[in-house]
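Hydrogens, waters and symmetry mates are skipped; everything else that's a heavy atom, side chains included, is used.
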Number of protein chains: 2
Amino acid sequence: MDSTAFSERTRAACQAREILDRVGDKWSLYVISQLSDRTKRFNELKRDIDGISQRMLTVTLRGLERDGIISRTMYPVMPPRVDYALTPMGRTLLDTVGSLVSWAEEHVDEIEATRARYDARTESFPEPE
Amino acid sequence: MDSTAFSERTRAACQAREILDRVGDKWSLYVISQLSDRTKRFNELKRDIDGISQRMLTVTLRGLERDGIISRTMYPVMPPRVDYALTPMGRTLLDTVGSLVSWAEEHVDEIEATRARYDARTESFPEPE
DNA sequence: CGGGATCCACCGTGATACTG
DNA sequence: CAGTATCACGGTGGATCCCG
């Protein structure tokens with residue numbers, strides 16, 4: 001085998017990381033999932049995503065908008081109204097995320113069990129205070 | 001429709017986030033991709049993953065080991081020798097990651113173009129110093 | 001060779017208050 | 001309603017030194 005496989009894989013992993021930087025933060029996945037069935041307004045998202053702050057919702061929406069994953073529609077009315085929706089590209093991401101979600105659902109139990117076993121092993125050596 | 005879709009989706013997004021917390025950090029994906037074809041040793045990984053520090057390789061390997069994604073085999077010899085490999089569960093993650101990588105490859109150009117357009121729009125309003 | 005321990009800079013995140 | 005501005009904190013990651 002030649003070294004092409006390596007560089008190709010590294011390049012691919014690098015691109016994948018850029019995507020993970022986008023959807024891998026604390027809130028993006030929630031926003032994406034909340035917009036998967038229909039357009040929503042700012043406070044609607046804020047209500048539906050438990051625990052998110054106003055600021056972080058703004059930041060997250062800006063980031064997703066910047067990358068063309070969601071669209072932002074402002075209506076110049078009083079009071080202000082802004083609608084957020086997934087773009088076509090954002091919709092294609094749903095399938096990919098779905099694959100990740102499936103993996104998570106299938107392995108969450110196994111991971112937690114492995115994690116618990118690992119912790120039990122390592123924590124059984126308490127340092128003498 | 002009932003509210004099941006919402007809670008189900010939120011729960012799923014939550015589990016997906018746990019997975020993203022695992023593989024979504026700065027280095028995990030590189031380690032996983034580097035181990036995709038064969039077992040490797042510590043310094044071998046350090047050489048092959050450009051820019052990773054000793055500390056971060058250790059931290060990343062521990063995290064992946066803790067969740068059962070990679071296995072760690074120590075040989076009590078002098079000098080020490082430690083082998084890292086993907087576990088069967090880690091291998092199943094390769095397919096999922098592959099899906100993400102494919103999405104990234106397909107859309108990286110579109111994302112960068114959208115991003116550039118967004119930045120050009122927003123940066124065209126310089127604050128008067 | 002394969003780490004561990006320590007210190008530190010950065011920045012993602014949250015709380016709060018204010019605004020058009 | 002849909003933000004912006006400011007401050008503060010904590011966790012992530014990098015640099016360095018040391019160890020078995």
Side-chain angles (χ1 to χ4, degrees), chain A residues 14 17-18 20-31 34-35 39-67 70-85 118 121-123 125-129, chain B residues 14 17-18 20-31 34-35 39-67 70-85 118 122-123 125-128:
Chain A
C14 185
R17 277 230 72 263
E18 290 195 25
L20 286 178
D21 278 341
R22 172 76 281 127
V23 302
D25 63 9
K26 191 167 180 182
W27 300 108
S28 288
L29 223 53
Y30 292 103
V31 172
Q34 284 296 327
L35 292 178
T39 293
K40 290 193 178 181
R41 300 179 57 175
F42 186 88
N43 274 345
E44 205 170 356
L45 287 168
K46 183 154 164 31
R47 264 196 313 275
D48 291 344
I49 303 174
D50 198 56
I52 196 170
S53 66
Q54 210 165 30
R55 169 185 155 75
M56 285 320 295
L57 181 53
T58 301
V59 170
T60 304
L61 288 170
R62 288 292 176 281
L64 292 173
E65 183 200 1
R66 176 169 182 263
D67 285 356
I70 65 171
S71 65
R72 179 174 186 272
T73 311
M74 245 190 72
Y75 301 95
V77 296
M78 218 21 213
R81 166 177 183 155
V82 182
D83 284 355
Y84 293 96
Y118 183 93
R121 246 184 304 137
T122 55
E123 284 167 12
F125 307 112
E127 69 277 13
E129 183 263 339
Chain B
C14 185
R17 276 230 73 261
E18 290 196 27
L20 286 178
D21 278 341
R22 172 74 281 128
V23 301
D25 63 9
K26 191 167 179 181
W27 300 107
S28 288
L29 222 52
Y30 293 103
V31 171
Q34 283 296 327
L35 291 178
T39 293
K40 290 192 177 182
R41 300 179 57 175
F42 186 88
N43 276 343
E44 204 171 355
L45 287 169
K46 181 153 166 29
R47 263 195 313 275
D48 292 343
I49 303 175
D50 197 56
I52 196 170
S53 66
Q54 208 165 36
R55 167 185 152 79
M56 285 320 296
L57 182 53
T58 302
V59 169
T60 303
L61 288 170
R62 288 292 176 280
L64 292 172
E65 183 200 1
R66 177 169 181 262
D67 286 355
I70 66 171
S71 65
R72 180 174 186 271
T73 311
M74 246 191 71
Y75 300 95
V77 296
M78 219 18 213
R81 167 178 183 155
V82 181
D83 284 355
Y84 294 95
Y118 183 94
T122 55
E123 283 167 12
F125 308 111
E127 68 278 11

(request) Let me know the distance between CZ of Arg62(B) and C1' of dG13(D), rounded to the nearest Å. (result) 17 Å

(request) Compare every heavy atom of Gly24(A) with every heavy atom of Arg17(B), then report the nearest pair and how far apart it is. (result) NH2-O, 3.3 Å

(message) Between Gln34(A) and Val31(A), is the side chain to side chain contact (heavy atoms under 4.5 Å, CB included) condition met? List the steps.
(response) CA-CA 5 Å; Gln34(A) 284 296 327; Val31(A) 172; 5.7 Å; no

(message) Measure CH2/Trp27(A) against P/dT13(C) and give the value in whole Å, please.
(response) 9 Å

(request) Nearest whole angstrom, please: distance from the P of dG12(C) to the CZ of Arg22(A). (result) 10 Å

(request) May I have the distance from Ile52(A) (atom CD1) to dG12(C) (atom P), rounded to whole angstrom? (result) 15 Å

(message) Are Leu64(A) and Arg22(A) packed together at the side-chain level, in the sense that at least one heavy-atom pair is separated by less than 4.5 angstrom?
(response) yes

(request) Kindly indicate whether the side chain of Arg55(A) and the base of dG3(D) share any N or O donor-acceptor pair separated by less than 3.5 Å? (result) no

(request) Would you mind reading off the distance between Gln54(A) atom CD and dG12(C) atom P, rounded to a whole angstrom? (result) 20 Å

(request) Taking only the side-chain heavy atoms of Asp25(B) (C-beta and beyond), determine which of dG14(C), dC1(D), dG13(D) contains the nearest atom. (result) dG13(D)

(message) Please compare Tyr84(B) and Val59(A) by the position of their nearest nucleotide in DNA chain C and report the one closer to 5'.
(response) Tyr84(B)

(message) Would you say Arg81(A) places a side-chain N or O within less than 4.0 Å of OP1 or OP2 belonging to dA2(D)?
(response) no

(message) Using every non-hydrogen atom in the two residues, find where Leu45(B) and Leu61(B) come nearest and quote the distance to one decimal.
(response) CD1-CD2, 4.0 Å

(message) Can you measure Met56(B) atom CE to dT16(D) atom P for me and round it to whole angstrom units?
(response) 16 Å

(request) Go through dC1(D), dG3(D), dG3(C) for me and flag the one nearest to the Arg72(B) side chain. (result) dG3(C)

(request) Locate the shortest heavy-atom distance separating Met74(A) from Pro76(A); write the atom from each residue and the value. (result) O-CD, 3.8 Å

(message) If you only use heavy atoms from C-beta on, which nucleotide in dC1(C), dC1(D), dG3(D) is closest to the side chain of Val82(A)?
(response) dG3(D)

(request) Return the value, rounded to whole Å, for the distance between atom NZ of Lys26(A) and atom P of dC9(D). (result) 17 Å

(request) Please state how far atom CE in Met78(A) lies from atom P in dT19(C), giving the value in whole angstrom units. (result) 14 Å

